[in-house]
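Accompanying notes for the structure given below.
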2 protein chains.
Amino acid sequence: MAKVKLADVARAAEVHPGTASRALNPDQRGQVSAETVDRVVRAAQRLGYVPNAQARALRTARSHLVGIVVPDITNPLFPPIVRGAEHVLTSAGYTVLLTDTDNDRERERRQIESLLGRGVDGFIIATALWDDPLLTDLAEAGVPVVLTNRSASGGRWPYVAGDDQAGVRLSVQHLVGLGHRSIVHLAGPQNVSTGRDRARAFRAAAKEFGIGNGDARVSVCLSYSEAHGRTAMEKVLAARTPFTAVVAGNDLIALGALDALSDAGYACPEDVSVVGFNDMPFVGRLQPALTTVRLPLQRMGALAADLLMTELDAEGRQDAPTRTLLGVDLVVRGSTAAAPKRSRSRSRSRRT
Amino acid sequence: MAKVKLADVARAAEVHPGTASRALNPDQRGQVSAETVDRVVRAAQRLGYVPNAQARALRTARSHLVGIVVPDITNPLFPPIVRGAEHVLTSAGYTVLLTDTDNDRERERRQIESLLGRGVDGFIIATALWDDPLLTDLAEAGVPVVLTNRSASGGRWPYVAGDDQAGVRLSVQHLVGLGHRSIVHLAGPQNVSTGRDRARAFRAAAKEFGIGNGDARVSVCLSYSEAHGRTAMEKVLAARTPFTAVVAGNDLIALGALDALSDAGYACPEDVSVVGFNDMPFVGRLQPALTTVRLPLQRMGALAADLLMTELDAEGRQDAPTRTLLGVDLVVRGSTAAAPKRSRSRSRSRRT
DNA sequence: AGATTCACCACAATCGGTTGCGGTCTTCGA
DNA sequence: TCGAAGACCGCAACCGATTGTGGTGAATCT
């Protein structure tokens, strides 16, 4: 099965390669007689012709390649996004180049440059920092980019993500409804949009539901990880200011917080309620089952892909970037319960 | 930042493009004087030259593209593999094309064809069926392929995976050590190697540890999923033959089995012990924490990538395919315990 | 009938690198 | 001093598809 090329098809159909090309190309097909088109198509089929994408891309300057950039594919947040995007892209004839930056900026820069060398038509980026030089570079280079999951300052890129603000508000409302009056927020890193937005939303929701400043504290985690969630929680515990509920920046932070609480002898949800964010797979099966905010991740990826493709078709002359916030749900499970009668800041029933 | 091409660099360095090409190419650099090389390299640097991979690939017939084919990136088994492979591939100058077949053979075939059209140099395939026409097609086309996670009949492809046989043996040994004498295996689908191998290993281990045929039953699941694990477990329960332990084909099946057991009023590990396979993220945090077999997934991906690259460098004249089995560990957690005194086939203490 | 239009197709340039071949200039040995 | 060897570099063909331009013959118009 040696590679059959256009010239082979042309020879088999007894036409010039140029003609064969037109015959095979739907929007140029009008320039070729129906009978010839048929002959060429038939020959292509018979020989099992698959066009060489490299050559085509070289000539047309359109590779139909899309780069998807994620920080860590191992983080359960991203596979559904990638999957959603991949599905709509491949069915539209695009191919996905995946790259995992490992949260390393330098690495990320190299990867993106390498992908540019590969002639990708555009990027779906899930790693955006709030102020990201990489993004402005890409914008200057005129490369279409769609942000997902995270946004960036300036609102200059198309963007699709979950409605963080609504999610946090639902969480706080839920906790307040359960009688909690003193809540801490373990915020994600403040150099990414989700970290900032959720923290801001937390403060706003606290005020809205009548919780004073002192009772709505925020502690910032250095990253969205169990480890940093744990240390942030430990720091809050060390401060010895009473609280009965935790709104975590995401599920990983929530898990870390749960560990710290359990180490300190607090039971969840009896002593402290915890709510997460993202509804990662299996968090509903944990003990306690985590109350969390569910995002339509796969749809998010699919939408990001759609956005990117319209941007690609737009060829420059684009309107203001579309920014989509997807609705979110609060999934109430076992990690939240009515506030204890008195805040048990010291009821250490430490486990053995 | 208009695209700067080789001709631009050549002009800046006042040499012919061909010379510039050689100067930039490490293994042809010998044909150019050191001084010229320096001048060209400097110019390239200054202009920010990034070679056009399409053009290069077109001419050299080497794209430095590798396709990774997984059934479902959402399955926590695959991201670590992809990550491992991606890291070693990108640092070797390759780029990863990811495709998610959704367990759909037709889709998979289309994807692979499309990737071939893109000129990928080779594939890492994690979706292999035991008898897979796609694979033989690829082999005939002379496309290098490395199988990972799953093998295929004939042993004709390089392959890297966990040592299923050892994993299952460890599991059975562990259970027997706890006093279990009647164990059922919820096997994975029998058209993939892991399903077959683990089932075979189960029977062998049972015999080795002196468990009779009637006490080492096997029930096959239609897929590696919670749903099919559940129905398989339910079928076993319906048969009303007593047993005290379950060796699941993988963690997802184990989770499904856990559900079925719990619905039927059996407690784990008090009534029935369960052991999984793969040690997916967070299964250690479940209730009960799942005893399972841990595979070095990321290393698996990395090794697969290495294998593929050596195969690519070999250019056809290859020896017998390397087949690597990675060592596995049994991670003992809460879902396994000593066998109950009497097999409690009917001690329904059904939950409310 | 002659001129014009139109449909259809062939030709060749082009995308951006790579590489075999050959030419020039230097260097070294005899 | 002359010839051969070798180092260095330019030339141009090539990878495989796309597309603007132009040419041929048939159909149409007057």
Side-chain angles (χ1 to χ4, degrees), chain A residues 2-41 43-44 47-65 93 113-114 116-121, chain B residues 2-41 43-44 47-65 93 95 114 116-121:
Chain A
K3 282 271 169 294
V4 17
K5 57 187 71 167
L6 185 59
D8 300 329
V9 176
R11 196 172 321 117
E14 299 181 301
V15 294
H16 189 272
T19 305
S21 171
R22 281 182 243 261
L24 260 13
N25 221 314
D27 44 308
Q28 303 235 354
R29 196 164 284 171
Q31 305 177 33
V32 181
S33 76
E35 191 252 352
T36 306
V37 167
D38 185 71
R39 196 146 35 89
V40 171
V41 170
L47 300 184
Y49 170 64
V50 180
N52 181 322
Q54 325 258 18
R56 173 179 300 176
L58 181 58
R59 176 63 223 245
T60 62
R62 279 287 296 268
S63 64
H64 289 269
L65 251 35
E113 246 167 37
S114 140
L116 279 177
R118 296 224 104 95
V120 295
D121 291 338
Chain B
K3 282 270 169 295
V4 15
K5 56 187 71 168
L6 184 60
D8 300 328
V9 175
R11 198 173 319 118
E14 298 180 303
V15 294
H16 188 272
T19 306
S21 170
R22 282 183 243 262
L24 261 13
N25 222 316
D27 44 308
Q28 303 238 351
R29 195 165 284 172
Q31 306 177 32
V32 181
S33 76
E35 191 252 353
T36 305
V37 167
D38 185 71
R39 198 145 34 89
V40 172
V41 169
L47 299 184
Y49 169 65
V50 179
N52 181 323
Q54 324 257 21
R56 172 179 301 177
L58 181 57
R59 175 64 221 242
T60 60
R62 279 287 296 266
S63 64
H64 289 271
L65 252 32
T95 299
S114 140
L116 279 177
R118 297 224 102 95
V120 295
D121 291 339

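Proteins come first, then strands; the chains are lettered A, B, ... in the order of their sequence lines, and each starts at number 1.
For D:dC15, neither phosphate oxygen OP1 nor OP2 lies less than 4.0 angstrom from any side-chain nitrogen or oxygen of B:T60. Phosphate contact (OP1/OP2 of D:dT19, side-chain N/O of A:Q28, threshold under 4.0 Å): present.
Across every non-hydrogen atom of B:V4 and B:Y49, the tightest pair is O-CD1, 3.4 Å.
With sequence neighbours excluded, the residues forming a side-chain contact (heavy atoms from CB on, under 4.5 Å) with B:S21 are B:L6, listed by chain and number. For B:R118, the side-chain hydrogen bond (donor to acceptor under 3.5 Å, both in side chains) partners are A:T95, not counting sequence neighbours. In this structure, the side-chain contact (heavy atoms from CB on, under 4.5 Å) partners of B:D121, at least two apart in sequence or on a different chain, are B:R62, B:S63, B:H64, B:Y94, B:L312.
The interatomic distance linking A:D27 (CG) with D:dT18 (P) rounds to 10 Å, in whole Å. Straight-line distance from the CD atom of A:Q31 to the P atom of D:dG23: 18 Å, rounded to whole Å. Atom C1' of nucleotide D:dC14 and atom CZ of A:R59 are separated by 16 Å, given to the nearest angstrom. A straight line from CD of A:Q54 to C1' of D:dC14 spans 15 Å, rounded to a whole angstrom. The distance between atom CG of A:L58 and atom P of D:dT19, rounded to the nearest whole Å, is 12 Å. When the C1' atom of D:dC14 is taken as reference, atom NZ of A:K5 falls 10 Å away, rounded to whole Å. A:R62 has its CZ atom 16 Å from the C1' atom of D:dA17, to the nearest Å. Rounded to whole Å, the distance from OH on A:Y49 to C1' on D:dT18 is 10 Å.
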Using residues 11-18 of chain B as the side-chain source, report each donor-acceptor pair under 3.5 Å to any protein atom, sequence neighbours left out, with the distance given to one decimal.
residue : atom : partner : partner atom : Å
B:H16   : ND1  : B:G18   : N            : 2.9

Pair up each side-chain donor or acceptor in residues 31-38 of chain A with any protein partner under 3.5 Å, not counting sequence neighbours, and list the distances.
residue : atom : partner : partner atom : Å
A:S33   : OG   : A:T36   : N            : 3.2
A:S33   : OG   : A:T36   : OG1          : 2.7
A:D38   : OD1  : A:R42   : NH2          : 3.1
A:D38   : OD2  : A:R42   : NE           : 3.4
A:D38   : OD2  : A:R42   : NH2          : 2.8

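Pairs of residues two or more places apart, or lying in two chains, never qualify as salt bridge (charged side-chain N to carboxylate O under 4.0 Å, His left out) while including a residue from residues 16-29 of chain B.
Annotation: the terminal axes of the helix from C:dA1-D:dT30 to C:dA30-D:dT1 meet at 50°, where each axis is the rotation carrying the C1' atoms of four end pairs onto the next four (5 pairs per end, rounded to 10°).
The footprint of chain A on DNA chain C, defined by a heavy-atom cutoff below 4.0 Å, extends from C:dC8 to C:dG16.
In this structure, A:V40 and A:T19 have side chains that are not in contact, with every pair of non-hydrogen atoms separated by 4.5 Å or more.
Of the residues in residues 11-25 of chain B, B:V15, B:H16, B:T19, B:R22 come within less than 4.0 Å of DNA chain D through at least one heavy atom, sorted by number.
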With the criterion being N/O to N/O and under 3.5 Å, what pairs connect the protein with nucleotides 4-6 of chain D, and how long is each?
none

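A donor-acceptor contact shorter than 3.5 Å is absent between the side chain of B:N25 and the backbone of B:Q28.
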